[in-house]
Amino acid sequence: MSELSTAALLEQFAFERVLSSSTSTPSVYLLGTISGQKAIVHVLKINFDIPEQVDDGEAREKARTAVKEVVAFSKVVPIEDNDIYRWAQAWWPADRSSPDVKLTLIYPATDVHIRKYETQKRVMVEETPEVYASVVRPYIESMPASRIQWVYNILNHEKEADRILYEDPHPETGFLILPDLKWDRKTISTLDLSPQYLSAIVFDKSIRSLRDLEKRHLPLLLNIKNSSEDVVKRNFGLEPNQVRLFVHYQPSYYHFHVHIVALENEGYVGLSVGKAHLLTDLISLLSLSDDSGPSLLQEMTFAYTLGQEDGLFRAYKEAKAIA
Ligand code: G7M
């Protein structure tokens, strides 16, 4: 082992190439040499050191100080805004060429937002068609329309219009494809970048989730599948077998949309079992459904997790649909 300190060795590190990197962690494996010998450096960003328990006075004060440091930016450059959401790149005091973080500001945030992001216990529930009819559908119908104002802003071309990669304006089989807010989108024009994350948002406002899909919606889903494949091929040179198309149930927003994610974006949490449903599976289930009457998607039971702070969990509780 070398006698030199880690700092001294790193100073001599001559970079050769990136072995791999992950945007979700984020971390990077770098290959290079130190004094003529191969060296690998793995750099992993450390989590914020903010105490979670803020009940007692001392812990709360510690958290307040830590948070002050986290949001003390020297520079904030806006990326986009839509309704109550804003996205920006930000730099902490030591100014570097690339930003330290990408941040989202939700303002004014509603109770629904607060409950969504709060750490909470989760439970597994089974949603039968009866539970859908008696608990879930009334819950969806009770949601204020303002919750999906950002979607309508996109469909009306009032926001994010310059980000649209594809548009089919047909009221029943049409949709838009554009980057999801998860992506910083600054990099959209660089050809070496694959689509980390796109969404297809349909024009038909009557489809709130996959539970509303019937056999007559097959042309819409097939249209989304074909066009998404074209868009990623044309814009990013990706083959259809390098992209995953899926739908969330439960979604965060009840206006039907399909997620289009490059396979290399492996760390994305929204891929979890019981939440992500492949578009191909939905197409198969609709193809196997009767021509008239409820589709298999309307007749089957879906199992998924719910946070105990989620409004839907409360609706289940009130209806005594869970213990
Ligand atoms: O879980 P669900 O399938 O409902 O996912 C909703 C998606 O919408 C998430 O991936 C969000 O990142 C994305 N999203 C949310 N908002 C508020 C916006 C927005 O204003 N613009 C865009 N482009 N995507 C959004």
Side-chain angles (χ1 to χ4, degrees), residues 24 82 85 104 106 110 112-113 115-118 120 122-129 131-132 135-137 139-143 147-152 154-155 175-183 195-214 217 220-221 223-225 227-228 232 243-263 265-286 295-298 300-313 315-316:
S24 55
N82 190 342
Y85 306 93
T104 306
I106 306 177
T110 64
V112 177
H113 292 102
R115 288 200 297 267
K116 176 172 175 190
Y117 294 111
E118 187 130 52
Q120 56 201 278
R122 305 186 72 77
V123 294
M124 202 77 201
V125 296
E126 291 195 357
E127 182 192 294
T128 60
V131 170
Y132 175 73
V135 181
V136 182
R137 195 174 54 208
Y139 167 78
I140 296 172
E141 284 165 358
S142 74
M143 300 276 257
R147 186 134 170 79
I148 48 173
Q149 185 54 46
W150 68 270
V151 174
Y152 296 152
I154 291 173
L155 295 178
F175 53 91
L176 289 169
I177 295 181
L178 80 172
D180 190 283
L181 71 84
K182 289 192 178 68
W183 186 8
Q196 292 186 24
Y197 210 118
L198 306 175
S199 316
I201 305 180
V202 304
F203 279 107
D204 186 343
K205 293 183 179 164
S206 69
I207 315 172
R208 294 158 302 187
S209 77
L210 54 73
R211 275 290 195 198
D212 285 329
L213 291 173
E214 295 175 356
H217 293 117
L220 168 66
L221 298 196
N223 202 8
I224 293 178
K225 186 170 188 309
S227 304
S228 304
V232 294
V243 206
R244 207 187 302 250
L245 305 181
F246 60 93
V247 169
H248 281 158
Y249 195 70
Q250 296 288 323
S252 320
Y253 301 98
Y254 292 97
H255 176 102
F256 189 67
H257 54 276
V258 176
H259 300 271
I260 305 164
V261 182
L263 289 193
N265 203 359
E266 84 298 341
Y268 173 59
V269 288
L271 291 177
S272 51
V273 178
K275 182 172 174 88
H277 299 269
L278 290 171
L279 184 64
T280 308
D281 291 354
L282 304 187
I283 291 173
S284 292
L285 286 164
L286 291 183
S295 66
L296 292 176
L297 288 170
Q298 292 170 322
M300 65 190 275
T301 294
F302 285 96
Y304 49 82
T305 63
L306 276 184
Q308 290 188 347
E309 296 297 323
D310 195 309
L312 186 54
F313 177 85
Y316 264 80

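Computed from a prediction, not measured in an experiment: that's the story for all the values here. Positions are given from 1, in the same order as the sequence printed here. Below, each value reflects all heavy atoms present in this structure, side chains not excepted, and no hydrogens, waters or symmetry copies.
- Across R115 and E309, no two heavy atoms sit closer than the pair CD-O, 2.7 Å.
- K275 places none of its side-chain heavy atoms less than 4.5 Å from the side chain of Y249.
- When all heavy atoms of I177 and A200 are compared, the closest pair comes out as CG1-CB, 4.0 Å.
- Side-chain contact between E127 and V136 is present, with at least one heavy-atom pair separated by less than 4.5 Å.
- Of the possible donor and acceptor atoms, one in the side chain of R211 sits under 3.5 Å from a partner among the backbone N and O of L297.
- For H277 and F302, the ring centers sit closer than 6.0 Å to each other.
- By the 4.5 Å heavy-atom criterion applied to side chains, V202 and F256 are counted as neighbours.
- Under a 3.5 Å cut-off, the side chain of D180 and the backbone N or O of Y197 do not form any donor-acceptor pair.
- No side-chain heavy atom of L198 sits under 4.5 Å from any side-chain heavy atom of V243.
- Between L286 and S295, the shortest heavy-atom distance links the atoms CD2-CB, 3.8 Å.
- Between D204 and F175 there is no side-chain heavy-atom pair separated by less than 4.5 Å.
- Considering every non-hydrogen atom in both M300 and P129, the closest pair reads O-CD, 3.8 Å.
- The CD atom of Q298 sits 10.0 Å away from the CG atom of L210 when rounded to the nearest 0.5 Å.
- The shortest distance between side-chain heavy atoms of L306 and Y316 falls below 4.5 Å.
- Between F246 and I260, every side-chain heavy-atom pair lies at or beyond the 4.5 Å cut-off.
- Atom CD1 in I224 sits 11.0 Å away from atom NE2 in H257 (nearest 0.5 Å).
- When every heavy atom of G311 is checked against every heavy atom of Y139, the shortest pair comes out as C-CE1, 3.5 Å.
- Scanning for side-chain contact (heavy atoms from CB on, under 4.5 Å) contacts around T280 gives K225, with sequence neighbours left out.
- Note that CG of L296 is 12.0 Å distant from CG of L213, once rounded to the nearest 0.5 Å.
- Defined by atom type and a distance below 3.5 Å, a donor-acceptor pair is missing between the side-chain atoms of Y304 and H248.
- Contact check for Y254 versus I148: no side-chain heavy atoms found under the 4.5 Å cut-off.
- Between the side chain of H255 and the backbone N or O of Y253, no donor-acceptor pair lies under 3.5 Å.
- For the residue pair R147 and M143, the shortest heavy atom distance occurs at NE-CE, 3.7 Å.
- Between the CZ atom of R137 and the CG atom of D212 there is a distance of 8.5 Å, given to the nearest 0.5 Å.
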Criterion side chain to side chain contact (heavy atoms under 4.5 Å, CB included) on Q250 and L312, from CA distance to verdict: CA-CA 10 Å; Q250 296 288 323; L312 186 54; 3.6 Å; yes
